[in-house]
Amino acid sequence: VDAQGNVPVGRENNGAVIYGGKMYLFGGYSGFTWLNDFLSFNFETSQWSPVPSGQRGTVPSTRFGYVSAVHGDFMYVFGGYDGSAWLNDTYDFDFEHGIWSATRVQGFIPSGRSCPSWATHNGSVFLFGGYDGTNRVNDFYKFTMLPVARATHKSQDGGVRCTFSVNIRDKDYRQQLVDSATGKIG
């Protein structure tokens, strides 16, 4: 591919996802440093570019060997290795609002690890194994990606004061939450 634009530096063990006609690439390892840059490749124009809002919000730390998946308007990143620790944190990037958030996760959370095998199926990520810094593990997890409702509260001067985020299953409750958080009655 004759790629143009801000072509990323060489890297390994990074994930990529497809959303809205683009491939999104986060972090990885350059051979010298761990990365947390966020870039997109437009399939129609063959252009690489930094994601304009890719450093907004609670951006994941540098990492490689993580899990990445898309569900709805969100990209999820789980785990990886940052050069000193094996991670088990989860973040989501909201493509619609252009902001990263720490994902609130419940249940049995996998231990910190890099380079697991993963696949998505019916709104879930299935994660097998990986390396935890000592052992190659053979455990198996399912991460169900639930709908995320976000509402932004604006101050009187128009500036954003806070963003509310919740993972919920019930579509009707999600609509009530958004309406009450934005001041609109359902």
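Excluded from the calculations below are hydrogen atoms, water molecules and symmetry mates; all remaining heavy atoms, backbone and side chain alike, are included.
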Just how far is it from atom OG1 of T120 to atom OH of Y76, taken to the nearest 0.5 Å?
12.5 Å
Co-membership, hydrophobic cluster, residues V137 and L127, 4.5 Å side-chain:
no
Residues V77, T90; criterion side chain to side chain contact (heavy atoms under 4.5 Å, CB included); working and verdict
CA-CA 6 Å; V77 169; T90 304; over 6 Å; no
Quick one: hydrophobic cluster around L25, which other residues, with the 4.5 Å side-chain cut-off, linked directly or via members?
V1, V7, I18, M23, L39, F41, F43, W48
same_hphob_cluster(Y91, Y19) at 4.5 Å side-chain heavy-atom cutoff:
yes
Apply side chain to side chain contact (heavy atoms under 4.5 Å, CB included) to Y29 and R63, showing your working.
CA-CA 7 Å; Y29 179 64; R63 64 190 62 215; over 6 Å; no
Can you tell me how far apart CE (M75) and CE (M145) are? Round to the nearest 0.5 Å.
12.0 Å
I'd like to know if the side chain of N36 reaches the main chain of G27, judged simply by a donor and an acceptor atom lying under 3.5 Å from each other, with no hydrogens or angles considered.
no
Could you tell me if the ring centre of Y24 sits under 6.0 Å from that of F95?
yes
Quick one, V51 and F93 - any side-chain contact, counting heavy atoms below 4.5 Å?
yes
I need the Q4 CD to S46 OG distance, nearest 0.5 Å.
7.5 Å
Taken to the nearest 0.5 Å, the spacing of D132 CG from C115 SG works out to 12.0 Å
Backbone N/O of G54 and side chain of R56: donor-acceptor pair under 3.5 Å
no
So, for S124 and T144, which heavy atoms are closest and what is the spacing to 0.1 Å?
OG-OG1, 3.5 Å
Looking only at atom types and distance, does a side-chain atom of R136 sit under 3.5 Å from a main-chain N or O of G129, one as donor and one as acceptor?
no
Given 3.5 Å as the limit, does a donor-acceptor pair link the side chain of T103 with the main chain of D92, or not?
yes
Could you check whether any side-chain N or O of R113 sits under 3.5 Å from a backbone N or O of G80, counting only pairs where one atom can act as donor and the other as acceptor?
no
Got a sec, which hydrophobics cluster with L35, joining ILVMFWY side chains under 4.5 Å apart, including via others?
V9
So, Y131 versus W86, ring centres under 6.0 angstrom or not?
yes
Does a side chain donor of either E12 or N14 reach within less than 3.5 Å of an acceptor in the other side chain?
no
In this structure, would W100 and Y66 fall into the same cluster of hydrophobic residues linked by side-chain contacts under 4.5 Å?
yes
Establish, yes or no, whether a centroid distance under 6.0 Å links the rings of W34 and Y81.
yes
Whether the side chain of S68 engages the backbone of G15 through a donor-acceptor N/O pair (distance < 3.5 Å, no angle test) should be reported.
no
Indicate, with yes or no, if F78 and L87 share a hydrophobic cluster defined by side-chain heavy-atom contacts under 4.5 Å among Ile, Leu, Val, Met, Phe, Trp and Tyr.
no
Euclidean distance, N88 CG relative to S114 OG, rounded to 0.5 Å
12.5 Å
From N138 CG over to S117 OG, what is the distance, rounded to the nearest 0.5 angstrom?
11.5 Å
Applying a strict under-4.5 Å side-chain criterion to I, L, V, M, F, W and Y, I'd like to know whether V70 and F38 cluster together.
yes
Let me see the working for D37 and R11 under side chain to side chain contact (heavy atoms under 4.5 Å, CB included), right down to the final yes or no.
CA-CA 11 Å; D37 52 351; R11 63 192 66 211; 2.8 Å; yes
